[in-house]
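Heads up: the structure comes next, in structure tokens.
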Number of protein chains: 2
Amino acid sequence: MEKIYHIGVEATLDVIGGKWKPIILCHLGNGPLRTGELRRRIPTITQKMLTQQLRELEEDEIIVRKVYNQVPPKVEYYLSDEGKTLRDLLVTMSVWGEKRVKRLQAKGQPVELLSQGHEGYLKF
Amino acid sequence: MEKIYHIGVEATLDVIGGKWKPIILCHLGNGPLRTGELRRRIPTITQKMLTQQLRELEEDEIIVRKVYNQVPPKVEYYLSDEGKTLRDLLVTMSVWGEKRVKRLQAKGQPVELLSQGHEGYLKF
DNA sequence: CCCATTAGGCACTTTTAAGTAACTATATGA
DNA sequence: TCATATAGTTACTTAAAAGTGCCTAATGGG
């Protein structure tokens, strides 16, 4: 079936939307990672969701899945060329979100951004 | 309950995510609109979803709801100061999405972007 | 008296996204 | 022979998002 978007944002959200994709993409922003390493860095994601989201990102040609022919298996994921162009966008989006969180916190609202304070948690 | 985000993007997506919010925000990008006018410009949205999304955007302080004390009722919606800062971000996101759509179309994949070709449809 | 107009509420159903738990394959080394 | 490590699948359940249909309030005009 043909995909139909009203505006460009929808095409973007179609690719990076959902609970886990931004997180996965951020982790892949610093170079290739093996499946297990990704899982360790995103402790609350389940096996199924990780694989599912990785498959969708691969299908959308945002990441590349490289299989080493070994036992036990070794699989690496890394950003494709198009995926790399997403990095700047994700950074821009993050900056806006961080400002918003600070604004809300300044107003005393109960919001927390784990990537702040918790050193070495995530780049963006 | 406290809201917890891993990274800034999540806070952003929390505000602009979903099927209708980007579209609504784009329409409001050119000045205040009445409820009915919004509905006319987004023909496929339902009463309920329109009201619901507008309420959430208002709750998030992205838009302002101005009620005129008249009968029949008149209500206008427009971007708040924080909402206006979203415009640039949405434009950036749209640019990325448009490039992606063109790339997919060039590869012969069945994707359509209504804001292209259909003149006067939406700014971004 | 009754209808049109405008913005929206409410109960319910359907659809989509996410989560849970148990399972597979296979070379290696003890 | 058997546990280990690694990446992944499958059937099922639960939760969240979106859609449907019908209802309300209030006033001016015919």
Side-chain angles (χ1 to χ4, degrees), chain A residues 1 3-6 9-25 27-28 32-60 62-78, chain B residues 1 3-6 9-25 27-28 32-60 62-78:
Chain A
M1 54 249 129
K3 271 187 185 169
I4 296 184
Y5 304 113
H6 296 82
V9 205
E10 290 179 340
T12 307
L13 288 176
D14 203 25
V15 165
I16 66 169
K19 185 168 175 181
W20 299 110
K21 282 181 185 170
I23 300 177
I24 293 173
L25 290 172
H27 280 289
L28 290 180
L33 287 178
R34 294 185 58 174
T35 314
E37 185 54 28
L38 264 174
R39 208 170 42 232
R40 243 165 281 128
R41 298 198 188 194
I42 315 177
T44 51
I45 199 174
T46 59
Q47 268 281 8
K48 184 203 143 195
M49 286 314 286
L50 180 58
T51 313
Q52 189 180 100
Q53 303 304 299
L54 288 170
R55 284 297 176 300
E56 290 180 16
L57 288 168
E58 190 197 3
E59 168 81 13
D60 287 340
I62 299 301
I63 64 173
V64 178
R65 176 167 181 262
K66 183 173 181 184
V67 182
Y68 294 81
N69 210 12
Q70 305 180 354
V71 169
K74 174 177 177 182
V75 177
E76 271 185 352
Y77 295 93
Y78 57 91
Chain B
M1 53 248 130
K3 269 187 188 171
I4 296 184
Y5 304 112
H6 296 82
V9 205
E10 289 179 341
T12 306
L13 288 177
D14 203 24
V15 165
I16 65 169
K19 185 168 174 181
W20 299 111
K21 282 180 184 170
I23 300 176
I24 292 173
L25 290 172
H27 280 290
L28 290 180
L33 285 178
R34 294 184 59 175
T35 314
E37 185 55 27
L38 265 174
R39 208 171 43 233
R40 242 165 281 128
R41 298 198 188 194
I42 315 176
T44 50
I45 199 174
T46 60
Q47 268 281 5
K48 185 201 143 196
M49 287 313 286
L50 180 58
T51 312
Q52 189 180 100
Q53 303 305 297
L54 287 170
R55 284 298 174 302
E56 290 180 16
L57 288 169
E58 190 197 1
E59 169 81 12
D60 287 340
I62 300 302
I63 65 173
V64 179
R65 177 169 181 262
K66 183 173 181 183
V67 182
Y68 293 81
N69 209 13
Q70 303 179 354
V71 169
K74 174 177 176 181
V75 177
E76 272 185 352
Y77 295 93
Y78 57 91

**Request:** In whole angstrom, give the distance that lies between atom CG of L50(A) and atom C1' of dA17(C).
**Result:** 16 Å

**Asked** Among dA7(D), dG19(D), dA26(D), which nucleotide sits nearest the side chain of K48(B)?
**Response** dG19(D)

**Request:** Select one nucleotide: of dG8(D), dT20(D), dA7(C), the one nearest the side-chain heavy atoms of Q47(A).
**Result:** dG8(D)

**Asked** Taking atom P of dA17(C) as reference, at what distance in whole Å does atom CG of L13(A) sit?
**Response** 13 Å

**Fill in**
OH of Y77(A) to CD of E37(A), rounded to nearest 0.5 Å, is 14.0 Å

**Asked** Can you tell me how far P of dT26(C) sits from CG of N69(A), to the nearest Å?
**Response** 12 Å

**Asked** Whole-Å distance between dA21(C) C1' and I45(A) CD1?
**Response** 17 Å

**Asked** Using a cut-off of less than 4.0 Å, is there contact between a side-chain N or O of R65(A) and OP1 or OP2 of dG8(D)?
**Response** yes

**Message:** Counting the atoms with a prime plus P, OP1 and OP2 as sugar-phosphate, which does Q52(B) contact under 4.0 Å by heavy atoms, base, sugar-phosphate, or nothing?
**Reply:** nothing

**Message:** Could you go through K21(B) and E56(B), starting from their C-alpha distance and side-chain angles, then the distance that decides it, and tell me whether this counts as side-chain contact (heavy atoms from CB on, under 4.5 Å)?
**Reply:** CA-CA 9 Å; K21(B) 282 180 184 170; E56(B) 290 180 16; 2.7 Å; yes

**Message:** If I take atom CD1 in residue I23(A) and atom P in nucleotide dA18(C), what distance separates them, rounded to the nearest angstrom?
**Reply:** 11 Å

**Asked** Roughly, in whole Å, what's the span from CD in E37(B) to C1' in dT6(C)?
**Response** 14 Å

**Request:** Specify the separation, in whole Å, of atom CD of Q70(B) and atom P of dG8(C).
**Result:** 13 Å

**Asked** T35(A) near the nucleic acid: base, sugar-phosphate alone, or nothing, with a heavy-atom cut-off under 4.0 Å?
**Response** sugar-phosphate

**Request:** Could you check which of dG19(D), dT9(D), dG8(C) has an atom nearest any side-chain atom of M49(B)?
**Result:** dG19(D)

**Prompt:** How close or far is atom C1' of dA17(D) from atom CG of D14(A), stated in whole angstroms?
**Reply:** 16 Å

**Request:** Taking only the side-chain nitrogens and oxygens of K19(A), find out if one of them lies under 4.0 Å from OP1 or OP2 of dG19(C).
**Result:** yes

**Asked** When you check the phosphate oxygens OP1 and OP2 of dG8(D), does a side-chain N or O of R39(A) lie under 4.0 Å from one of them?
**Response** no

**Item:** Full working for salt bridge (Lys or Arg N to Asp or Glu O under 4.0 Å) between E59(B) and R55(B)
**Value:** CA-CA 6 Å; E59(B) 169 81 12; R55(B) 284 298 174 302; over 6 Å; no

**Asked** Would you say the side chain of L38(B) lies within less than 4.5 Å of the side chain of L28(B), judging by non-hydrogen atoms?
**Response** yes

**Asked** Say you draw a straight line from CH2 of W20(A) to CD of Q53(A); how long is it, rounded to the nearest 0.5 Å?
**Response** 9.5 Å

**Request:** Kindly point out which of dA7(C), dA18(D), dG19(C) is positioned nearest to the side chain of P73(B)?
**Result:** dA7(C)

**Request:** Report yes if at least one side-chain N or O of R34(A) is closer than 4.0 Å to OP1 or OP2 of dA7(D); otherwise report no.
**Result:** yes

**Request:** For P72(A) and for K74(B), locate the closest nucleotide of DNA chain C by heavy-atom distance; then report the residue assigned to the nucleotide nearer the 5' terminus.
**Result:** K74(B)

**Prompt:** What nucleic acid atoms does Y77(B) come within less than 4.0 Å of, heavy atoms only: base, sugar-phosphate, or nothing?
**Reply:** sugar-phosphate

**Asked** When you match W20(B) and R40(A) each to their closest nucleotide on DNA chain D, which lands nearer the 5' end?
**Response** R40(A)

**Item:** From I42(A) atom CD1 to H27(A) atom NE2, the distance as rounded to the nearest 0.5 Å
**Value:** 4.5 Å

